[in-house]
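Remember, it's 1-based here, ligands and their atoms both numbered in the order they're listed.
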Amino acid sequence: MPPLQPIRGTHDILPDEYARFAQVVETARAVSRLYGYREMATPVFETTEVFARTAGETSDVVMKQMYSFVDRGGDPLTLRPEYTAGICRAFITNGQQQNVPFKVFAWGPMFRYERPQKGRFRQFHQLDIESIGAAEPGADVEVIAVGADILERLGVLKDTELLVNSLGDPESRAAHRKVLIDYFRAHLAKLSEDSKSRLERNPLRIFDSKDDGDRALLPNAPLLKEYLTPAARDFFAAVLKGLDDSGIAYRIDPHLVRGLDYYTHTAFEFVTTRLGAQGTVLAGGRYDGLIGELGGPPTPGIGWAAGIERLMMLAGDPPAGPRPVALVPMGEAAERKALALARELRRRGIAVELDYKGNMKRRLQRANKAHARAAIILGDNELARGMAAVKDLDSGEQKDVSLDKLADILAPVA
Ligand code: ATP
Ligand code: MG
């Protein structure tokens, strides 16, 4: 039988790599806490409608990328392709309207049926930040600042550029939509099939197309910024001013749109040139229409998601964890004593390596391989005196220590 293989577009995260993964999550957790964002989680799957309704029928995610299936009970389910819809669904079903602003951090696996390549997987992981209930531009600024600070702590902010744009309010969008349809209709033959089908339903999404023919039409396409209502214009100006006041650098990109239909006003992305075609590391925007769309009380919101795998590719190596001590028992009595001692040391928070077998030489070799800071050698003579020999594996220095003092001497500095 051929050996079993993982599913295309999925990947195992072995311990060395997981240390980098954990560093990204822990950094995001720590920074989001500083801003008052509390960690939460939602189920990995939801009724398909949660994503279908919110993503809009014309979105790429819905049309091509969802992992949808009918379960044994006949219910249409989908593995989440993103976090925002699930968190908004949870906000509604758990009656969190009284708890606004509802500021949360979440992370977890996402699933999209995409063509796998560098930085693009079918199961990948996202960090996610959402601020629900605040309609003020200050919320946009704060949400972007959390993202910038996470990137900075990971050492990747310097390799990214923040792009911002305004998608306006529904009124701005409607005015722009008309001229945009006219423009693309005049160039219909050059549009990709996908974009032809987007044209009547959501022409703005053509800005997000990866097709070269479509892209060639974009430089001359009418821009949304010419059609912003005064209110939408003021809102955008306030966000930009807040970014200036916060010391966050950005560039206005009038071509930036988001892939999902529920975005309004602010759209933003942190992009890098270091990941080839997969250059967006963190992306988000305001979604004032989403919660109403899901059947909840109309509630504004803004948030972002960042690909953990892409961040891992950019971030440096995480600092090494605390080094263990190795117990080296010699003889049967010592091996038995070592079991109790190891457990006691671990209870005190000291990482202990204890091999299941082997002579002193083999055990010391493995202690070095585990990068242990000290070896605690338990021989018959030492044990008889209630002592152990503690050998510092960096300096080679060795001294006898009484067993009941061991934990104190080895205790990690708190
Ligand atoms: P892209 O333009 O790269 O397809 P997107 O617009 O589909 O991105 P979002 O839905 O905004 O991306 O997701 C936010 C972030 O999640 C992206 O910026 C990226 O870092 C990450 N991401 C999205 N899809 C994938 C994937 N298939 N594999 C790995 N990371 C991904
Ligand atoms: Mg995509």
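Taking every heavy atom of Glu114 and a limit of under 4.0 angstrom, the matching atoms of ligand 1 come to 24 (N), 25 (C), 26 (C), 27 (N). In summary, the atoms of ligand 1 found under 4.0 Å from a heavy atom of Gln126, numbered by their order in the structure, are 13 (O), 14 (C), 15 (C), 16 (O).
Only the backbone of Val281 comes within contact range of ligand 1, with a heavy atom under 4.0 Å; no side-chain atom does. Contacts between His125 and ligand 1, counted as non-hydrogen atom pairs separated by less than 4.0 Å, are absent for every part of the residue.
Counting only residues at least two apart or in different chains, side chain to side chain donor-acceptor pair (under 3.5 Å) contacts with residues 292-304 are absent. Legend: side chain to side chain donor-acceptor pair (under 3.5 Å) pairs involving residues 351-362, not counting sequence neighbours, sorted by first then second residue: Asp355-Arg366.
Under the 4.0 angstrom criterion for non-hydrogen atoms, Gln278 is not in contact with ligand 1. Residue contact check for ligand 1: Glu82 places no non-hydrogen atom closer than 4.0 Å to it. Note on ligand 1: Lys210 sits in its first shell, one or more heavy atoms being nearer than 4.0 Å. Residue contacts with ligand 1: Glu309 is excluded, as none of its non-hydrogen atoms falls under 4.0 Å.
Here's the thing with Phe121: one of its N/O atoms is less than 3.5 angstrom from an N/O atom of ligand 1.
Summarising the local packing, OH of Tyr113 is surrounded by 12 or fewer heavy atoms from other residues, nucleotides or ligands at distances under 6.0 Å.
One option in Arg112, Arg120, Gln117 has a heavy atom closer to atom 3 (O) of ligand 1 than any other, and that option is Arg120. Summarising the contacts of atom 29 (C) of ligand 1 with Pro81, Gly119, Gly307, the nearest heavy atom is found in Gly119.
Residue Ala411 comes nearest to Arg348 through the heavy atom pair CB-NH2, 4.5 Å, listed as atom of the first residue, atom of the second, then distance.
Side-chain contact between Arg115 and Arg120 is absent, with no heavy-atom pair separated by less than 4.5 Å. Side chains of Leu339 and Arg343 form no contact here, defined as non-hydrogen atoms less than 4.5 Å apart.
Between Phe207 and His255, the ring-plane angle classifies as tilted under the 30° and 60° cut-offs.
The residue from Arg53, Arg89, Arg80 that alone fulfils the salt bridge (charged side-chain N to carboxylate O under 4.0 Å, His left out) condition with Glu46 is Arg89.
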